[in-house]
Amino acid sequence: MKGLNEILKDLEIISVNGDVNKHVEAIEFDSRKISPGALFVAVKGTKTDGHAFLEDAVKRGAVAIICESLPQNPDKDVTWIECSDSARALGLASSNFHGNPSSLIKLVGVTGTNGKTTIATLLYRLFSHLGYKCGLLSTICNYIEEREYPATHTTPDPVMVNSLMQRMTEAGCEYVFMEVSSHAVVQQRIAGLRFEGGIFTNLTHDHLDYHQTFDKYLLAKKGFFDSLGTETFALTNLDDRNGLVMLQNFRGTHYTYSTRGMADYRCSIVEQGFEGMNLRINREEVWTRLTGDFNASNLLAVFAASQILGADKEEVLTILSDLRPVAGRMEPVRSESGITGLVDYAHTPDALLHVIETINRIREGRQKLITVVGAGGDRDRTKRPLMAAIAAEGSSKVILTSDNPRSEDPEKILDEMEAGLTPELKRKSLRITDRKVAIRTAVMLADKGDVILVAGKGHETYQEISGVRHHFDDRDELGIALSMK
């Protein structure tokens, strides 16, 4: 319970009609969840507009409503707060309602197209090993210390974010590491949060179904750093041409990292294999269980962030050598057949390219790479032919299959993927819509020493078909198929 006047602190309010000395039991932006004593915030979403449910919120017992446009005959028993941006108001109000938990912890945000989950998760694991109580908000799962809370979005809605962070402060967490998606920035899901700093990974082709243009996607990522205060830090990747763009309006202290050139934090790969790699980070060598150029960059970002946050260098390097790959990120699937199985979340052209390039640098002689890949439905369609071409060009054989078709026809998705293949590339490709059959076919085609990459779904344990989720885990299916070889 919180006083309405406290909840409205720092909100950009146009007008207030009614009593602000009320107590609020909960904050909701879904009118179906309203219970007596709640504050309803009417947000204009991509599919529905909360303003269409003002009457429903009142009937369900809302004592106050924040909206951008008032109804013609507002209920006099309800306090009406008019503002110019109700999405931003939701973030600020949620933070106030939960006692501004982000101001009581060191919150570090990680943004970019690829690498967010790996960096945020490894930072969470690293600082936990350093003896700190930590929280994690990520694509795979949210954690308060070691307790799991299911994740539904890369960045949860403001009510959920602040609720989780309030629990984190109550549990004594000192650090929280959080993935910050471009959607979250545009939709004001991080409004009201106080960050210690932010990390930029890279920017490549993704989410153009939502942002429409790459420039808008870029501005969304940049908006995160623009919002950070003067007492914060920014750590940016100089290997990405947009790395310095993130700093253009940033007001705090900035640092850079690179695996290719001069930067505050530098790293190079001494040697690598499917079991891990030896890195030289700022003249210090460390063996890690992760592999690949992209993971070298991820680990460098983790090391750099740890130093900015004041952790002991030797202790950090020791712990880094023992950290395991994040679920579904270049995750090996063991077998006794002599075939190397790998599952990776790569679902963008750039991520897929980096994974395949890494595998091709490691595999030797006549070892073949067989790639199984699809593309998600109801998402950016322009990347489908690109991903098919990248997979076919870099693999000995590629099997195009269904990913999460969601509401789309999987056959039409595969048609769009195949459109990216030249006649030559088509000759070394197969099209098998059933993902389980596709994975088993890849194993049948593989010989001892070959590598099978199953890309696109990574850690996910479901396949969404016609809007219905069915249990499906690439790691399980690949493991079963390999055990039958």
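What you see is a predicted model, and the numbers here were worked out from it, not measured in a lab. Computed over heavy atoms, backbone and side chain alike; hydrogens, waters and symmetry mates excluded.
Using a cutoff of 4.0 Å between basic side-chain nitrogens and carboxylate oxygens, Glu411 and Arg431 are scored as salt-bridged. A salt bridge is defined here as a Lys NZ or Arg NE, NH1 or NH2 lying under 4.0 Å from an Asp or Glu carboxylate O, and Glu393 with Lys426 fails to meet this definition. Taking a cutoff of 4.0 Å between a charged side-chain nitrogen and a carboxylate oxygen, Arg329 and Asp344 do not qualify as a salt bridge. A salt bridge is absent between Arg435 and Glu477; no separation between the charged side-chain nitrogens and carboxylate oxygens falls under 4.0 Å. A salt bridge between Lys368 and Asp450 is present, with a side-chain N of the basic residue lying under 4.0 Å from a carboxylate O of the acidic one. Of the charged side-chain nitrogens involved, none lies within less than 4.0 Å of a carboxylate oxygen, so that Lys33 and Glu28 do not count as a salt-bridged pair. Remark: Arg334 engages Glu275 in a salt bridge, criterion side-chain N to carboxylate O under 4.0 Å.
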Can Asn237 and Asp240 be said to form a side-chain hydrogen bond (donor to acceptor under 3.5 Å, both in side chains), step by step? CA-CA 6 Å; Asn237 183 7; Asp240 188 284; 5.7 Å; no

Under the criterion salt bridge (charged side-chain N to carboxylate O under 4.0 Å, His left out), I'd like the reasoning laid out for Glu174 against Lys133: C-alpha separation, chi angles, the key distance, then a yes or no. CA-CA 6 Å; Glu174 297 175 68; Lys133 291 184 177 182; over 6 Å; no

Evaluation steps, salt bridge (charged side-chain N to carboxylate O under 4.0 Å, His left out), between Arg32 and Asp30: CA-CA 5 Å; Arg32 294 168 297 181; Asp30 183 340; 3.0 Å; yes

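Relative to the six-membered ring of Tyr462, Lys457 meets both conditions, a distance below 6.0 Å and an angle of at most 45° to the axis.
Gln367 and Asp447 are not linked by any side-chain donor-acceptor pair at a separation below 3.5 angstrom, with hydrogens and angles left out of the test. Between the side chains of Asp473 and Thr461, no donor N or O sits under 3.5 Å from an acceptor N or O. Under the 3.5 Å distance criterion, with hydrogens and angles disregarded, a donor-acceptor pair is assigned to the side chains of Asp380 and Thr382. In the model, Glu179 has a side-chain atom that pairs as donor or acceptor with a side-chain atom of Thr117 under 3.5 Å.
Aromatic ring centres of Phe224 and Phe195: separated by under 6.0 Å. Checked against the 6.0 Å centroid threshold, Tyr143 and Tyr149 do not count as a close aromatic pair. Two rings, from Phe127 and Tyr175, have their centers less than 6.0 Å apart. His347 has its ring centre less than 6.0 Å from the ring centre of Tyr345.
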